Each structure stands twice: as structure tokens, then as C-alpha cells.
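Numbering of residues begins at 1 and proceeds along the displayed sequence. Just so you know, ligand 1 is whichever comes first in the structure, and atom 1 is the first atom listed for that ligand. What you see is a predicted model, and the numbers here were worked out from it, not measured in a lab.
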Amino acid sequence: MEKKKICLCVGHGKNAWGRYDPGAVSKDQKYHEHRIAKKIAKYAADYLGCDLINHDGSLCLSERIKAVNAGSYDFAADIHLNAGGGTGTEVYYYHGSPTGKRAAEEICRSISETMGVKNRGAKVRLNSSGRDYFGFIRQTKPCAVLIETVFIDCESDLAKVKTEEGCKKCGIAIGKALEKALYTGAKK
Ligand SMILES: [Zn+2]
């Protein structure tokens with residue numbers, strides 16, 4: 001089976017007006033979603049040997065989507081941290097995509113088991129017109145998922161990705177999950 005061409009993308013970094021977009025921040029304001037996501041994404045991309053988009057935080061969302069669509073990828077994953085008072089890991093996938101669902105389930109399982117956090121599962125989120133809610137999933141050509149690794153506003157979740165070692169563990173967990181879902185016997 002041919003290897004699928006994957007790209008990983010770091011969430012946030014720059015907003016539509018060209019300013020720094022930290023994404024969500026920890027309760028003490030010390031930790032920024034973008035900064036943690038970029039470390040995790042780097043370890044995952046190194047593990048897979050795949051392209052990494054927006055590691056320097058220089059692209060806003062529409063530019064990140066454009067970069068993904070210019071790359072003839074088979075699969076794209078956008079890496080984030082969650083916020084809003086929950087705990088654990090969840091992954092959104094393009095509705096109706098079996099490959100997206102399988103990858104999302106593998107990533108959830110891998111992060112949950114490796115990091116010791118709750119598995120909130122693979123999810124689909126649609127907007128009021130019945131299309132995928134997240135622009136990164138809706139507007140990208142390849143099959144796309146959006147990974148909400150852990151909650152930045154949950155102390156016990158944050159503790160697992162505060163350190164370089166924690167980011168490495170999480171990144172490799174994502175890499176291994178994608179390798180399993182996309183490189184071994186995966187069907188279109
Ligand atoms: Zn985010």
C-alpha cells in the first residue's frame with residue numbers, strides 16, 4: 001500500500017488581522033495554546049517525517065488552509081489544546097469520512113492511553129447549514145481532522161504537556177496513531 005502524504009498544522013499563532021493569536025491560555029496566563037501545540041506538532045511531524053505547517057506561527061487560519069490545499073496531501077491534522085472547563089482528549093473529523101473517523105479514533109485512544117487522560121472520543125461537529133463547523137476541516141481538500149489534545153484550562157491536563165518531555169510524549173502518541181491509521185491497511 002502506498003504511504004499517504006500527511007501534513008500536520010499548528011493551530012493559532014496569527015489572527016486574521018496579523019496580530020499574535022495565542023489561542024486559549026492557562027488560568028495563570030502563563031501557558032499559550034499555540035506555544036504548546038507547536039511543540040507537540042513538531043514531535044509528531046518528526047516522528048512521521050511529514051510536513052509541518054505554521055510552526056513559526058506566521059500563518060492565519062485562511063493562510064494555513066491555503067498552504068494545506070497547495071500541498072497535494074492525502075491527510076491533514078490541525079493541532080490544538082481545548083478550553084472551556086472539561087478534561088481529556090477529543091478529535092474532530094470530516095463528517096462521513098471513514099478514514100477521518102478511523103484516524104480520529106486512533107489518535108484519541110493513543111493520547112488517552114499514553115498521557116493518562118480521559119478519552120472523549122472521535123467527534124463530528126456541524127454548523128447550522130449541516131457543513132463541518134471547523135474551517136480547517138470544511139475548507140481543506142485532503143481528509144482533515146482537528147486534534148484537541150488536552151484542556152489547557154484544566155490543571156491536571158496542563159501538567160501533562162507543560163514540560164518538553166510531556167509535549168514529546170503527546171507528539172509521538174499522535175505520530176504513532178496516524179502511522180497505524182493511515183499506513184497500515186487503511187482504505188480510502
Ligand atoms: Zn485552538
Side-chain angles (χ1 to χ4, degrees), residues 6-45 51-69 75-95 100 103-104 107-108 110-112 115 117-127 131-140 142-162 166-167 170-171 173-175 177-178:
I6 301 174
C7 78
L8 299 182
C9 190
V10 182
H12 308 282
K14 194 178 108 176
N15 65 24
W17 301 273
R19 299 220 180 83
Y20 172 61
D21 164 25
V25 294
S26 60
K27 285 178 181 157
D28 63 7
Q29 315 266 312
K30 275 191 195 164
Y31 296 89
H32 294 186
E33 177 184 352
H34 173 70
R35 291 186 191 148
I36 295 178
K38 90 179 207 177
K39 288 187 197 172
I40 293 172
K42 180 79 169 70
Y43 283 113
D51 287 356
L52 178 58
I53 289 170
N54 196 38
H55 185 252
D56 61 359
S58 65
L59 305 176
C60 69
L61 178 61
S62 62
E63 292 166 334
R64 298 198 289 275
I65 290 168
K66 241 183 237 169
V68 169
N69 288 340
F75 188 90
D78 204 22
I79 298 184
H80 290 255
L81 277 80
N82 217 335
T87 178
T89 188
E90 63 192 23
V91 179
Y92 292 86
Y93 63 94
Y94 187 86
H95 75 281
I107 297 164
C108 284
S110 184
I111 292 179
S112 163
M115 308 301 288
V117 296
K118 184 182 169 188
N119 183 350
R120 300 166 67 93
K123 296 178 177 182
V124 165
R125 185 171 175 191
L126 302 176
N127 61 23
R131 303 182 67 216
D132 286 279
Y133 172 82
F134 294 106
F136 188 90
I137 293 179
R138 188 181 63 250
Q139 298 173 328
T140 45
C143 175
V145 300
L146 187 143
I147 305 172
E148 297 279 14
T149 50
V150 295
F151 280 74
I152 197 167
D153 58 353
C154 165
E155 285 305 322
S156 60
D157 276 21
L158 177 61
K160 316 229 172 192
V161 292
K162 259 181 180 176
C167 290
C170 189
I174 292 169
L178 288 177

Given the rule in the side-chain contact (heavy atoms from CB on, under 4.5 Å) test, do Leu59 and Lys66 qualify, once you have shown the distances and angles that lead to the verdict?
CA-CA 10 Å; Leu59 305 176; Lys66 241 183 237 169; over 6 Å; no
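- Checked against side-chain contact (heavy atoms from CB on, under 4.5 Å), His55 has the following partners two or more places apart in sequence or in another chain: Lys38, Lys42, Leu52.
- In this structure, Leu61 CG and Asp78 CG are separated by 7.5 Å, a value rounded to the nearest 0.5 Å.
- With values rounded to the nearest 0.5 angstrom, Ser58 atom OG is found 7.5 Å from Glu63 atom CD.
- Relative to the ring axis of Phe136, Arg64 does not place its NZ or CZ within 45° and under 6.0 Å from the centre.
- The 12-atom threshold is exceeded at OH of Tyr20, counting heavy atoms of other residues, nucleotides or ligands nearer than 6.0 Å.
- Here the protein contributes His12 NE2, Glu33 OE2, His80 ND1 as N, O or S atoms under 2.8 Å from the Zn ion (ligand 1).
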